[in-house]
Number of protein chains: 2
Amino acid sequence: MRIGQLSRRTGVPARMLRYYEEQDLLHPERAANGYRLYDAAAVHRVQQIRGLLDSGLTTEIIRRILPFLDRPGEIHPGCLSDEVAALLKEEADRITQRVECLSRNRDAILAYLAAVQRDGDPAPPSVR
Amino acid sequence: MRIGQLSRRTGVPARMLRYYEEQDLLHPERAANGYRLYDAAAVHRVQQIRGLLDSGLTTEIIRRILPFLDRPGEIHPGCLSDEVAALLKEEADRITQRVECLSRNRDAILAYLAAVQRDGDPAPPSVR
DNA sequence: ATTTGCCTTCACATCGATGTGAAGGTTTGA
DNA sequence: TCAAACCTTCACATCGATGTGAAGGCAAAT
């Protein structure tokens, strides 16, 4: 599919899809006339990129972890140096930090909402 | 405490602390000479702000949810309009999205690392 | 008292992600 | 064949978060 269709399917502006390619996150084929050609998997990949960007990761970090995300163990040649492994571990830890921070604060919001809602109830769910 | 000390305790540049104040995230007292004066709770608040910023929230969103985070139910006057409640719920949902995306991808990284590590073992932890 | 270090405000620069528009070639369909 | 919709690259603008430096006031220690 061409860039316009991928854009419509993902809701991501074509401009951004070109940018992600420039950042080495996408690698579409090229038609004879120079048009970008994406395979069906690109839709998922774009959504993944968007989710990670929205979660505060930079394109640089995404680029480094992306090659390791879509293989549940399929491709793991000896190409994983100790340094890269350490980097991945570090990044995983940073992500865990984020998850904990976000969960904590989301729970606080929900707890607050629950408290207020309980309060506003005209008839509390009386236990007795 | 003054801004320099808060900066050292949190690792956040004084410049940024002033910026957060400009963004209405911090509201330090002022000494007679104009110096900002922070109370002990500011350390926690700054760490909270940093965590949320690092997780992709903007100062604008943080400003809106911050008043509801530190009260486990303490202060909930009638000042919570339905619109604000809806906004909080939406934001909580968006945060949940982020958490799921991050968890999923972190787990993929860890699974990959586990697979490779298992592979690279010179002597597998033979079961028999 | 003077130095040293911290504080103030103001302003301009950077950086990553994104928006927008120009100028021109391609595909599709009336 | 011509128009509409799509594609290309290039470039400049914006926006939020952050860095940095200037010019000057304040405070604690030698």
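Here is the naming used below: chain letters follow the sequence lines, and residue numbers restart at 1 for every chain.
- Of the residues Arg15(A), Arg63(A), Arg50(A), the one that meets the side-chain hydrogen bond (donor to acceptor under 3.5 Å, both in side chains) test with Tyr20(A) is Arg50(A).
- Counting to the nearest Å, the C1' atom of dA17(D) and the CD atom of Glu22(B) are 11 Å from each other.
- At dT9(D), none of the side-chain N or O atoms of Arg15(A) fall inside 4.0 Å of OP1 or OP2 (strictly under the cut-off).
- Here Arg18(B) lies in heavy-atom contact (under 4.0 Å) with a base.
- Contact annotation: Arg36(A) reaches the phosphate of dT8(D) (side-chain N/O to OP1 or OP2, under 4.0 Å).
- Of the side-chain N and O atoms in Tyr20(B), one or more sit less than 4.0 angstrom from OP1 or OP2 of dT18(D).
- Here the closest non-hydrogen pair linking Leu69(B) and Ile109(A) is CD2-CG1, 3.6 Å.
- The shortest distance between the side-chain N/O atoms of Thr59(B) and the OP1/OP2 oxygens of dG16(D) is not below 4.0 Å.
- To the nearest angstrom, P of dC26(D) lies 17 Å from CD1 of Ile3(B).
- In this structure, Leu57(B) and Leu102(A) approach most closely via the heavy-atom pair CD1-CD2, 3.8 Å.
- Both Pro13(B) and Arg2(A) sit near DNA chain D, but only Arg2(A) has its closest nucleotide nearer the 5' end.
- In this model, the phosphate group of dG25(C) is not approached by any side-chain N or O of Asn33(A) to a distance below 4.0 Å at OP1 or OP2.
- The separation between Tyr38(B) atom OH and dC6(C) atom C1' is 13 Å, rounded to whole Å.
- Comparing dA17(D), dT18(C), dC7(C) against the side chain of Arg50(A) picks out dT18(C) as the nearest.
- Atom CZ in Arg30(B) sits roughly 8 Å away from atom C1' in dT8(C) (whole-Å rounding).
- Rounding to whole angstrom units, CD of residue Gln5(B) and C1' of dA28(D) are separated by 15 Å.
- Judged by atom type and distance alone, Tyr35(B) reaches the base of dG25(D) through a side-chain donor-acceptor pair under 3.5 Å.
- Look at CD on Glu60(A): it is 13 Å from C1' on dC15(C), rounded to the nearest Å.
- Checking the phosphate oxygens (OP1, OP2) of dG16(C), no side-chain nitrogen or oxygen of Arg63(A) falls inside 4.0 Å.
- Grouping the Ile, Leu, Val, Met, Phe, Trp and Tyr side chains by contacts below 4.5 angstrom, directly or via other members, places Leu66(B) with Val43(B).
- Rounded to an integer number of Å, the gap from Asp54(B) CG to dG16(C) C1' is 15 Å.
- Which of dG19(C), dT18(C), dA17(D) sits closest to the side chain of Leu53(A) comes down to dT18(C).
- Closest non-hydrogen pair, Thr58(B) versus Leu53(B), comes out as C-CD2, 4.4 Å.
- At whole-Å resolution of the value, CZ in Arg8(B) and C1' in dC7(C) are 11 Å apart.
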